Structure formats: C-alpha cells, structure tokens
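Note on naming: letters A, B, ... go to the chains in the order of the sequence lines (proteins, then strands), and numbering restarts at 1 for each one. The structure displayed is predicted, hence computed values, not measured ones. Below, each value reflects all heavy atoms present in this structure, side chains not excepted, and no hydrogens, waters or symmetry copies.
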Amino acid sequence: MLLLLFEQFLNGLQIGLLLFLLAAGLTLVFGIMDLVNLAHGSLYMMGAYFAAVFTQWTGNFFLGALLALPAGALLGIIVEVVALRTLYTRDHLDQVLATFGLILFFNEFARVVFGAGGMAIELPSWLEGQVEIMPGLPYPSFRFLIIVVGLGCAGFLYLLVQKTRLGMLIRAGASNREMVGALGIDIKLLFTLVFGLGSALAALAGLMSGPITTVQIGMGDNILILALVVIVIGGIGSIRGAFIAAVAIGVIDTMGRAFLPNMLGSFLNPSDAGTLAQALSSMLIYILMAAVLVLRPAGLFPAPGR
Amino acid sequence: MPALMHKPVTTMIAVALLGLLALVPIAAEAFDDPFMLTLFTRIVIMAIAAVSLNLILGYGGMVSFGHAAYIGIGGYTVGILAHHGVHAAWIQWPLALLMSGLTALLIGLLSLRTKGIFFIMITLALAQLVYYLGNGAYAYGGDDGLTILKRSDFGGLIDLNHRPTLYYLCWAVLVAALYLCYRTVNSRFGMVLQGAKSNDRRMATIGFPVFRYRLTAFVIAGMVCGLAGVLSAAFTDFISPAMMHWSRSGDLIVMVVLGGMGSLFGPLFGTVAFLLLEEILSSWTEYWKIVFGPILVLVVIFARGGIDGALMRGQANILMAGCAGFFLLYGVHSAYESDWLIPTAILAAAFALVWLAKWLADRRASAKEAGHV
Amino acid sequence: MTDLLTVEGIDTFYGRSQVLFGMSLSIRAGEVVTLMGRNGMGKTTTIRSIMGLTPASRGRIGFRDADIRGLPSYRVAKIGVGLVPEGRQIFPNLSVKENLIATAANRNGASQPWTYERVIELFPRLAERSGNMGNQLSGGEQQMLAVGRALMTNPHLLILDEATEGLAPLIRLEIWQCLERLKQAGQAILVVDKNVGALTKLADRHYVIEKGRVVWQGNSAELQAAPDIQHRYLGI
Amino acid sequence: MTRSSFKTTLAILAATLAALPLAAAPAAAQAAKKIRIGFVTTLSGPNAAYGQDMKNAFELALDHMGRKMGGIPVEVVYEDDEQKPEVGKQKTEKLLQRDKVDFVAGYIWSNVLLASYKPAIENKTFLISANAGPSQLAGDQCSPYFFAASWQNDQNHMAVGELLNQKGAKKLYMVAPNYAAGQDATNGVKALFKGQVVGQDMTKWPDQLDFSAEISKIRAARPDAVYVFFPSRWGVQFYTQYNQAGLKKDIPLYSAFTVDAVTLKLQKDLALETYLTMTWGTDLPYAANQKFVGDFRKKHKDNPTFYGAQSYDAANLIASAVTATRGNLKDKDAVRKALEAAKFDSVRGPFKFGNNHFPIQNVYQQEVYKTADGEYDLRTVSTVLTAHQDPHAAKCKM
C-alpha cells in the first residue's frame with residue numbers, strides 16, 4: 001500500500017512537471033509581457049510535431065528533440081513578430097481573440113502539413129523500458145526522464161531568472177517596461193527573446209509529452225486550460241508559483257483518481273461511491289482552483305509590482 | 001439616450017440588420033430554402049446569449065469564461081422537465097430562468113471578489129463543474145445528451161413546432177434583450193456598473209455597493225442567457241453537455257469581442273459575422289479554419305474595437321474592403337458551381353463595395369486634410 | 001555647435017491634445033541646466049519627448065551631432081542620456097543591487113566608469129539595504145537608487161525629473177550635495193524641480209516654461225534678479 | 001487602401017469577370033433526376049482521419065456501382081460535423097432542408113447522431129448510421145426511419161466478455177472513459193463475462209491524457225486480464241503507456257474499438273498480442289469484402305478502417321433499396337421494406353436486420369500481426385459470437 005502510494009505520488013509529480021513545462025512559458029509571457037497567449041497550446045503542439053518529424057528524419061529521439069527546440073523557439077518568434085507584437089498594448093480580450101484565431105489556424109495547418117492521423121515519437125528502446133527505483137517498484141524510464149527534465153528545467157529557470165542579468169531584465173520588464181526601455185534596453189528585442197524562450201519551453205513540453213500521449217491535432221487545446229489553471233493558482237508571472245501549483249495539481253489529480261473511489265467506498269455503497277468518485281475526480285482541479293481563488297484572489301504567489 | 005446618440009451609423013445599420021432578420025422567414029419561403037430559417041434561428045439564439053454576455057463583459061468589465069453554462073442550465077431545465085412529462089411552458093420557462101439565475105448568483109458570489117484573469121479563470125472553473133455535472137448525469141443521457149421529444153406547450157397560444165413562429169419568438173426575445181440591455185446600461189444602475197469598470201474603488205468610496213451592483217448584473221445576464229438556452233432546447237429538441245463546454249464559452253467571448261464589446265449592437269454584429277462566416281467558409285472547404293483564424297487576427301489588428309468600433313470611428317472603408325474581399329472570394333467560388341448570373345452579380349457587388357470603400361477612404365482623407373490645415 | 005543637447009521648436013501631443021508648442025532648449029557639455037514651471041506646463045512632457053517616450057511630432061532634437069527625434073527610448077538612452085524619472089520608478093521586484101546592475105553600461109566611454117562600488121560610495125545608505133527589494137526602501141533611498149541606476153549607465157547627460165519631490169529636507173540636501181559633486185566631476189545635468197533656492201546655487205542656466213513653450217531663460221544671477229518672473233511663472 | 005493596391009484589386013476583379021463565363025460553362029448542363037445522399041461525418045479536428053476514411057469508402061462504393069443506383073445517377077453531399085452535436089444537427093438540417101436529400105448517412109459519434117436523429121426522423125428521411133449505434137435507438141427510441149449499418153454499441157463489448165470466458169480469465173480489471181459509450185462498454189463486457197471484476201476505473205472524458213494512476217492500480221490489483229475501451233487517439237495513448245509501464249507482457253490486454261487501421265500506424269508493436277473483437281476484418285473471405293479491401297488499398301495505398309467498411313455497406317444498403325423500388329423513393333413503406341430486407345452483399349458476409357433495424361451479425365476475435373513488408377495489419381482469429389443480436393431489441397416496439 002505504501003509502495004502504491006509512493007508510485008502514485010511519482011505519477012502525480014511527473015504529470016505536474018509536464019504541466020510545469022507548459023505553464024512556465026505561459027506565465028513568463030503573461031507575467032512579463034502582459035500578453036494572454038492562448039496560442040501557447042498551439043506552440044506546444046507544433047513542438048511535438050517538430051520532434052516527431054525530426055526524430056523520424058534523424059532516427060534518434062534526442063537529435064530530434066535537439067532540433068525541435070530551436071524550431072519551436074523560431075516559430076514562436078515568427079508568430080510574435082508577425083501577429084502578436086502589435087497587441088501588447090491592447091486589451092486582454094483583443095489578445096484572446098487574436099490568439100484564438102491562431103489556434104484555429106495552427107490546428108488546420110498541422111492537419112494540412114502533417115496529416116490527420118497524428119504521429120508517434122519513436123523512443124530508443126532503453127527509454128521504452130522501466131527502471132527499478134526501489135525494490136519492487138519498476139517505473140517507466142521515460143516518465144522518469146520527464147521528472148528529471150522537469151526538475152532540471154525548473155532549476156535552469158530559477159537560475160536564469162534569479163541569477164543572471166537577462167533574468168533581472170526580464171523581471172524588471174515585468175514590473176515597468178517603459179523604464180527598462182528608458183534605461184537603454186531594447187524592450188522589443190527582450191520581449192521577442194522571452195517569447196522565444198516561452199515557445200521553446202512549450203515545444204519542450206510538447207516533445208516530452210508526445211511519446212506518452214501521441215502527437216495529435218488539437219493536443220494543445222485542453223491542456224492549455226490546465227496550464228492556465230496552474231498559472232492562475234500559482235500567481236501570474238511567478239515561476240515558483242507555477243512550479244508549486246503544477247506539482248500540486250498533478251499530485252492531487254492523480255491521488256484523487258487513484259484513491260477517491262476506495263475512500264468514498266468506505267462509507268457509501270459501491271455504485272454510488274463509484275459515480276461520485278468519478279464525478280469528483282473530474283472536478284477536483286477546478287474545485288481546487290475555485291477554492292484557492294476564493295481565499296486568495298490573486299493566486300498563491302502574486303508577483304510584486306503588478 | 002447618450003449610448004445611442006453619438007453613433008448613428010451603428011444604430012442605423014443595426015436596425016437595418018434587425019429588420020432584415022425579421023424578413024428571414026419570408027425570404028426562406030420565397031426562395032424555398034427552409035434551411036435559411038434554421039441557420040438564422042441558431043444565429044438569433046446565439047445573439048441573445050452574446051448580448052447577455054456583453055452586458056457584464058462589455059459594460060461591467062466582467063469577463064465570464066463560463067457563460068455557456070447558463071445556456072446549458074436553461075436547456076437542461078426544460079429537457080429534464082420534458083423528460084419527466086412536464087411540458088407546460090408556464091412551468092418550464094420560469095423555472096429555467098430561476099435556475100439559471102440561481103446558478104449565476106452562486107457563481108457570482110464566489111467569483112466577483114476576484115479581478116482580471118483570475119475572474120476569467122474562476123468563472124471557467126465553476127462552469128466546468130456544471131459541464132461535468134451534465135457529463136455525469138447518466139439518468140439524462142450523460143455526454144450523449146437527451147432528446148426532447150415534445151416541445152414546450154403554451155396551451156395553444158404559441159405553437160413552437162411552427163418554425164416561423166419559433167423564429168419570431170426568438171427574434172422578439174433578441175429585440176427585448178437588446179432593449180433590456182439598453183435600458184439597464186443607461187439607467188443609474190448601468191452608470192454605476194460602467195463606472196466600476198474603469199475605477200471600482202472610486203465608485204465604492206462614493207458610496208455605491210459595487211459588489212451588489214455587479215452581482216445583480218451578473219444574475220440578469222445569466223437569466224437572459226438561460227433564456228437563450230431554453231430557446232435553444234426548443235429549437236434543437238436536444239440538450240447535451242457539449243453546449244456547456246468551455247470552448248462554447250470561448251466562442252461567445254469571441255463573438256462579443258469580434259462585434260465590439262461595450263457597444264449595444266456589437267454582439268449582434270459579432271454573432272452574425274461569426275456564424276455566417278463559419279457557415280459559408282465551411283461550405284467551401286473543410287480547411288476553412290485556415291482562412292477563418294487569420295481573419296480573426298486581422299480584425300483584431302486593423303479594426304480596433306471590433307466591427308462596431310470600426311463603424312464608429314468611420315473605418316467603414318476597412319469593413320467595406322473586407323466585405324468586398326469576401327464577396328470576391330465568394331464570387332470566384334460560386335463561379336465553379338452555378339451558372340453565370342449569380343457569380344456575376346456577386347462580383348459586381350464586390351466591385352461596387354470596393355468602389356464605395358475607396359470613395360469613403362478618399363472622403364475621410366480629404367476631411368482629415370481640411371481639419372488639420 | 002558645442003551643444004550636447006539641442007531641442008528646437010518641438011510640438012508634442014497626448015492623443016489629440018497638444019502639450020508642447022515649439023519648445024526649445026539647449027545644454028552644453030558639463031553644464032547644469034534647469035527646467036522650471038508650474039505643474040502641467042509641459043516639463044515632464046519635454047523630458048519624455050527628449051527620451052522618446054512620448055515622441056514629438058515636429059521640430060528637431062539633436063544630441064551630440066545625431067538627430068534623435070523619433071528614436072525609440074532605448075536608442076536615446078544608448079546614445080548617452082540617463083533618466084531619473086518622476087516618481088523614481090524603481091523596479092520593485094529587484095533587489096537594490098539588481099536595480100543598479102541590471103541596466104549598467106559604459107555609454108560615455110569613461111576611463112573610470114561608475115560601478116556598483118562607486119555608487120555605494122556616493123550613497124552609503126544604499127550599502128546597508130543592498131539585499132532589500134526595491135519596494136522595501138524609503139522614498140529617499142528609492143531616489144538615491146534611481147540616481148545611482150542612471151549613473152550606472154554612464155550617461156553624457158543626466159536628466160532628473162522632480163528628484164526631490166516629497167522628500168524630507170535632510171534627504172533633499174543630500175541629493176543636492178550629490179548633484180554638486182557630479183557637477184564638479186563634469187557631468188552635464190538637466191534638472192526639473194521647483195526648488196528655486198537650491199537650483200540657483202547649483203545650476204548654470206535656467207529655462208522657465210509655460211503652456212508648452214519657453215517664456216524666460218537666463219543664468220542664476222539673472223533669475224535671482226527677476227522676482228517678477230519667479231512670481232508670475234513659478235508662483236513664488 | 002492605397003492607390004496602387006486599389007488598382008491591383010481592380011485588375012483582379014476585371015480578370016475574374018473575364019474568366020467567369022469559362023468557369024461557369026460546365027456547370028450549366030445538369031441532368032434531371034438524381035438520387036441525393038447526405039453524408040455527415042467528422043472531417044476536421046483530431047478525428048478527421050476517420051471521417052476521411054468513411055468518405056473514401058463511400059466514394060469507392062459509388063465507383064463500384066458506376067455512380068448509379070438502379071440506373072439513376074447519385075449525388076452525395078458531404079458535411080463536416082466538427083465532432084460537435086449541434087453542428088452535426090445543423091448540417092443534417094441543411095441536408096434535409098436545402099439539399100433535400102433522399103437519405104442521410106454517416107455519423108461517427110453517438111452524441112452527434114442523437115442530436116441529428118429527430119430532425120431526420122420527423123422529416124421522414126431515412127437515416128443510415130455508418131458507425132454510431134447507441135442503445136437508446138436500438139431500444140425504446142427505435143424508429144421506422146432509422147437503420148444502423150454498423151452495430152449496436154454493446155455487441156463488440158459483449159464479445160469481449162465471451163472471449164474472456166473462452167480464454168479462462170477469472171479476474172478482470174476494466175478501464176474506460178467516463179461517458180455514455182464507456183458505461184455501455186463496461187456493462188456490455190459484464191453482461192457475458194462470468195469471472196470477477198476486481199477493479200474498474202472510469203477516466204475523465206475527454207481531456208484525460210495520462211493513465212499512469214490507473215495503470216499503477218492495475219499493477220497493484222494483479223488481475224488475469226485487463227479490458228479497456230479507448231477509441232481513436234486515447235487508444236494509442238493507453239497502449240503506449242501500458243507498454244511503457246511494462247505490464248503488456250504480464251497481463252493480457254483485451255479491448256474493442258481501441259485498435260483500428262488509423263491507430264495501428266501509431267500503435268505498431270504495442271498492439272501485437274492483444275485481444276480484440278470486431279464485426280469486420282480486412283481478411284474476411286467474402287467476395288464483396290475482397291473487392292472492397294483490394295480496391296481500397298489500390299486506390300488509397302492504405303487499409304480501410306471498420307468505419308470505412310461500414311460506410312461501404314451503408315452505400316450498398318441504400319443502393320439495394322433504390323434498386324428494389326426502381327427509384328420510386330416517394331413510397332416510404334416500400335423503401336423501408338427494401339432496406340429491412342438488406343439484399344446486398346455485405347463485406348461482413350452474413351448480415352440481416354433485427355426488428356429494431358440494427359444488424360444481427362457475427363463478432364470476431366481479431367489480432368494484430370506484422371506483414372511481410374514490415375507493416376501492421378489486423379487479422380481474424382475466430383468467431384466469438386454468431387448471428388448475434390443486441391440485447392436492446394426487445395425494448396423496441398417495431
């Protein structure tokens with residue numbers, strides 16, 4: 001039982017870290033540029049497609065991933081320069097409308113270019129297997145890799161944002177972009193770079209989730225809502241908040257699915273418990289978000305200066 | 001009448017549009033095209049929902065990302081009652097309004113303390129709960145939905161099975177919703193609402209209970225939208241959780257923003273443009289979204305404030321050019337399908353529009369010259 | 001043409017309303033110049049126009065032989081204009097040290113550029129707060145930080161907009177003393193302030209503006225000799 | 001608009017106007033009588049591949065008939081339901097009201113079909129489902145104007161239950177999405193399975209992407225067999241994750257609708273050695289099937305899916321009724337009788353309708369194998385249920 005509990009915790013952690021990869025880019029772009037980018041999910045999808053194509057082309061998942069990241073960043077930069085740059089000063093809803101248009105475009109675009117059937121990302125065989133984390137607990141190698149990459153990425157982002165000059169400028173830009181410009185920093189370029197970074201993170205999330213969830217048209221649409229939930233719970237613009245919220249959501253959602261039926265079964269009759277547990281576990285994330293927002297209307301870690 | 005007076009162009013076009021909408025059943029009869037009536041019934045119902053959303057979104061600054069939930073609540077109330085053999089509209093309709101009002105009250109109580117994106121997301125979360133409730137309601141079909149075998153019964157007064165009757169009922173509700181919105185916005189209540197949108201703290205210090213005002217508006221909007229749900233149930237004879245999915249709420253926001261939020265007729269323009277474009281583009285190609293998506297982006301970039309904004313600022317030339325481009329595509333497309341008369345007429349119309357757009361642009365340019373020198 | 005900055009007849013609009021009507025001024029290297037006038041007369045707008053934050057729509061703004069009107073603000077800053085803005089605008093989510101080094105650069109090619117250590121030396125108070133976040137500082141500390149932040153870009157011209165507004169007299173004095181030291185070091189400064197007493201001691205020349213144009217200019221002695229100007233345009 | 005772009009527009013306009021008569025000419029000549037069929041399926045979004053497959057198969061059937069039914073030319077209007085019930089309904093109404101079709105066919109999804117059902121029935125237009133077979137329509141909501149050329153939802157799942165018995169499974173773990181078809185699926189299996197269900201998870205629908213929690217529970221429960229129902233991409237996801245967890249070699253996987261020609265391109269090895277049931281397979285030895293599969297492969301360089309096979313049957317079913325009534329589609333009773341007789345060569349071999357207009361047919365066990373050229377395909381192993389009728393037929397008063 002304890003082993004199962006631990007295994008389910010790992011499952012939750014892994015889902016949470018995958019969500020974090022997606023949410024980090026979103027919160028960076030939202031928090032710093034004040035841009036609601038619904039097309040973040042499309043960049044996630046395109047990143048996954050890039051990885052699938054490049055993996056097929058090079059025959060190696062890691063080479064494919066290595067190519068997909070700059071491709072994702074480049075695509076993001078193109079989108080930013082062509083469509084989104086003019087929208088920074090606009091109302092959030094204008095941004096919603098425009099990026100909604102981009103979602104429609106990218107979904108059809110992917111269908112035209114990559115076909116309707118979806119793609120699989122082939123993993124090297126050692127990643128298809130399991131690693132024995134503890135005696136009696138084999139864990140899928142690739143999921144373990146997700147945990148490693150997720151934690152690594154969180155560390156990288158922490159160092160980048162907290163310890164480098166670029167990170168200082170990013171944070172400064174988040175609180176007062178006009179002043180950053182008046183001190184001699186090309187804010188347009190900075191924003192384009194940040195958007196590229198966010199897109200690369202989205203692509204990373206896409207290519208890490210591709211091998212377990214397959215690469216499909218519209219794969220970014222539903223998960224985008226989850227990522228929005230994460231950044232709202234965490235507090236807009238806060239990488240730390242996004243990390244904590246993502247892991248919390250991953251773990252709570254997984255634990256709910258894993259143990260709610262049994263828990264409810266102990267004081268309800270089985271069929272009622274089943275129905276209730278299913279309904280509850282579907283709603284759990286939303287209940288969590290509603291509760292957090294009722295208690296803390298600006299999320300757990302509201303960024304200062306906003 | 002401040003909200004109407006300063007933009008007569010919009011009002012004229014909107015009244016003309018409402019008039020045209022009133023003629024739809026006659027046109028459908030004349031052209032022997034009953035589908036036209038079906039299409040426009042859906043458009044009118046969605047327009048009611050969009051108008052209700054605009055009341056809180058456009059005027060109150062409350063971006064509800066869960067507005068489709070009320071369509072669902074209204075529809076489900078009717079559907080569930082019908083499922084249990086209660087068909088009397090006198091019971092169904094008020095109860096549906098009550099239910100959607102209560103839901104709005106609950107959602108509003110929980111969400112109105114938050115602002116901005118947080119408000120957007122909490123309304124989404126609460127609407128998702130309603131969605132999953134519908135999904136899990138196996139007694140009423142779960143995600144398969146529920147077929148309504150018999151439409152609401154007005155005791156012989158109004159026959160909802162008669163399609164033009166149903167259409168005119170929807171049309172009347174739309175006009176009533178617009179009127180309600182107009183009256184609300186221009187009342188003291190509406191002024192406070194709009195004042196709170198730009199600066200809620202000031203309104204609060206002046207002594208207005210902003211929260212209560214907002215909650216009231218939220219509930220009114222929910223009830224009007226619930227009515228749209230009731231009409232939708234009557235029109236489609238079918239309810240399913242799909243009508244409450246978050247993407248439907250997103251569509252509603254898109255319609256309002258496309259048309260121009262915070263303008264009385266914006267949502268009407270937006271809904272008509274959105275659904276007509278969808279219908280027409282999708283009849284040309286399965287890849288229609290590859291055209292539709294960029295159109296939305298272009299509208300945002302070039303027509304600030306949506307269609308209504310463009311009209312108001314006298315950017316009629318941009319709209320005209322847009323329409324002309326559309327007609328041009330339409331003409332070329334239909335040239336492959338029907339004989340010469342129709343495409344020629346369409347292309348001639350496109351030509352006329354381009355000319356008109358140019359004329360308007362020139363006039364605007366010369367007016368600008370005159371004004372600045 | 002030994003002028004560092006030349007502003008010639010600029011018009012600036014906020015939306016449809018015009019704020020500057022043919023505003024002109026000039027600053028030579030090493031000079032301290034003030035811009036005075038009542039509230040709402042266009043002082044801050046002049047500075048925003050120079051910085052490219054609110055671009056002027058007509059006229060010429062020259063800086064070291066380059067025409068900078070219409071350049072984005074970061075280009076103006078890069079040419080060597082350092083801004084200490086109205087309201088200080090410290091980055092609240094950066095520490096004191098980060099505020100100073102985030103945008104640091106050696107723009108005038110000084111052989112002994114401003115460094116973190118030198119700024120701390122200038123404002124010893126900041127040393128003890130170096131780990132604090134920008135929003136945890138007092139108003140005076142924020143003002144010092146803002147001056148330090150601008151100095152860290154090693155500008156040819158330092159612009160201070162209402163640098164002493166709302167500060168305690170002692171802190172004010174400290175700021176004036178600091179400006180005095182900068183002047184001695186040959187730093188060109190444009191000051192916007194209302195404190196005529198302190199400014200006549202510090203500055204070489206003065207511009208008085210009303211309704212978006214210069215109505216009086218002269219040196220400190222001339223200004224002190226013209227109480228009617230002070231009274232009419234500055235409300236003293 | 002600048003002057004030059006205005007001139008360009010003018011030039012384009014002029015050119016188009018000049019080209020019009022040329023483009024319009026071929027459309028002018030139109031024949032008098034036609035059989036019109038509306039076909040509603042999903043042609044956009046993540047599941048567009050299935051709609052395309054259905055369209056391809058339907059077109060192939062028309063090609064095989066020389067695009068004529070009983071000597072009368074056929075015209076088909078395809079519509080995209082976007083997998084949304086209200087869009088499907090609107091498209092159906094467009095077909096009924098504007099295109100005035102004689103038959104509507106297609107429909108992948110139960111909820112789209114259920115939304116579109118009433119308008120078609122009330123219009124007294126025959127509705128032929130080429131995939132969805134919800135229990136409501138097989139039971140108390142059955143209609144003289146509705147026919148399912150596919151199956152009733154429960155049939156394939158019941159076959160899994162029977163297959164589990166045949167393989168001697170005693171302890172079963174079930175996972176299916178938490179929606180109506182998922183409920184039908186688990187109930188279908190339970191209807192015939194004689195062993196014990198040791199665990200059952202209903203996953204969040206439609207946005208659950210990750211099944212790690214469920215898979216961990218399966219591992220902990222140690223069942224003899226696992227049954228899953230996950231159509232289209234969810235099937236790929238589950239199979240991938242089940243394999244990555246290393247369970248595939250330990251606990252045999254049973255499923256229905258989870259592997260098809262589209263998902264197989266992604267599932268590949270993962271689908272080997274799993275137990276599947278279906279009412280049709282590419283290798284069924286009937287002449288009609290061989291012709292269909294052979295020509296489909298030739299034309300599209302690909303295997304048809306069961307969605308396609310059912311669409312092919314739907315086309316032939318309609319053709320049989322048109323032929324039998326000699327094109328007199330006004331006589332609804334005669335058309336119905338002809339449809340009920342189902343006098344066509346089904347790709348599934350023995351095929352007849354029960355009282356509720358759902359097929360009475362065989363259900364086969366299928367398995368995935370690797371072909372000589374390294375591709376993957378499904379083949380039929382055995383007949384699990386013979387001439388099977390769904391359990392809801394009794395509730396239909398027809």
Any donor-acceptor pair under 3.5 Å from D:Lys118 side chain to B:Leu149 backbone: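 Side chain of D:Lys118 to backbone of B:Leu149, a donor-acceptor pair under 3.5 Å: yes, one is there.
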B:Asp143 side chain vs D:Ala180 backbone, donor-acceptor pair below 3.5 Å: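 Indeed, once roles are kept as given, a pair shorter than 3.5 Å links the two residues.
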Going from [atom1] on [X] to [atom2] on [Y], what distance comes out if it is rounded to the nearest 0.5 angstrom?
X        : Y        : atom1 : atom2 : answer
D:Lys89  : B:Thr38  : NZ    : OG1   : 7.0 Å
D:Asn153 : B:Asp144 : CG    : CG    : 8.0 Å
D:Gln183 : B:Tyr138 : CD    : OH    : 4.0 Å
D:Leu137 : B:Thr147 : CG    : OG1   : 7.5 Å
B:Leu146 : D:Asn111 : CG    : CG    : 13.0 Å
B:Asp32  : D:Arg98  : CG    : CZ    : 11.0 Å

Side-chain heavy-atom pair D:Glu93, B:Arg42 within 4.5 angstrom cut-off: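 No, their side chains stay 4.5 Å or more apart.
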Test item: D:Glu86 and B:Phe235 side chains (from C-beta on) under 4.5 Å apart, heavy atoms: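 The answer is no; the side chains never approach within 4.5 Å.
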Contact class of D:Gln52 relative to chain B, heavy atoms under 4.5 angstrom: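 Only the side chain of D:Gln52 comes within 4.5 Å of chain B.
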Heavy-atom cut-off 4.5 Å, strictly under: side chain, backbone, both or neither for [X] against chain D?
X        : answer
B:Ile239 : neither
B:Phe35  : both
B:Ser240 : side chain

Chain B contacts, top residue of D:Glu122, D:Lys100, D:Met202 (heavy-atom pairs, under 4.5 Å):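 The residue among D:Glu122, D:Lys100, D:Met202 with the greatest pair count is D:Lys100.
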Closest-packed option against chain B by number of heavy-atom pairs under 4.5 Å, given D:Glu82, D:Gln90, D:Lys84: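 Most heavy-atom pairs under 4.5 Å with chain B: D:Gln90.
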From CA spacing to verdict: side chain to side chain donor-acceptor pair (under 3.5 Å), D:Tyr117, B:Asp237: CA-CA 10 Å; D:Tyr117 180 70; B:Asp237 297 321; over 6 Å; no
Selection from B:Arg248, B:Lys289, B:His245 maximising heavy-atom pairs under 4.5 Å formed with chain D: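 Going by pairs under 4.5 Å, I would pick B:Arg248.
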Selection from B:Phe238, B:Tyr132, B:Phe31 maximising heavy-atom pairs under 4.5 Å formed with chain D: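 If we count pairs closer than 4.5 Å to chain D, B:Phe238 comes out on top.
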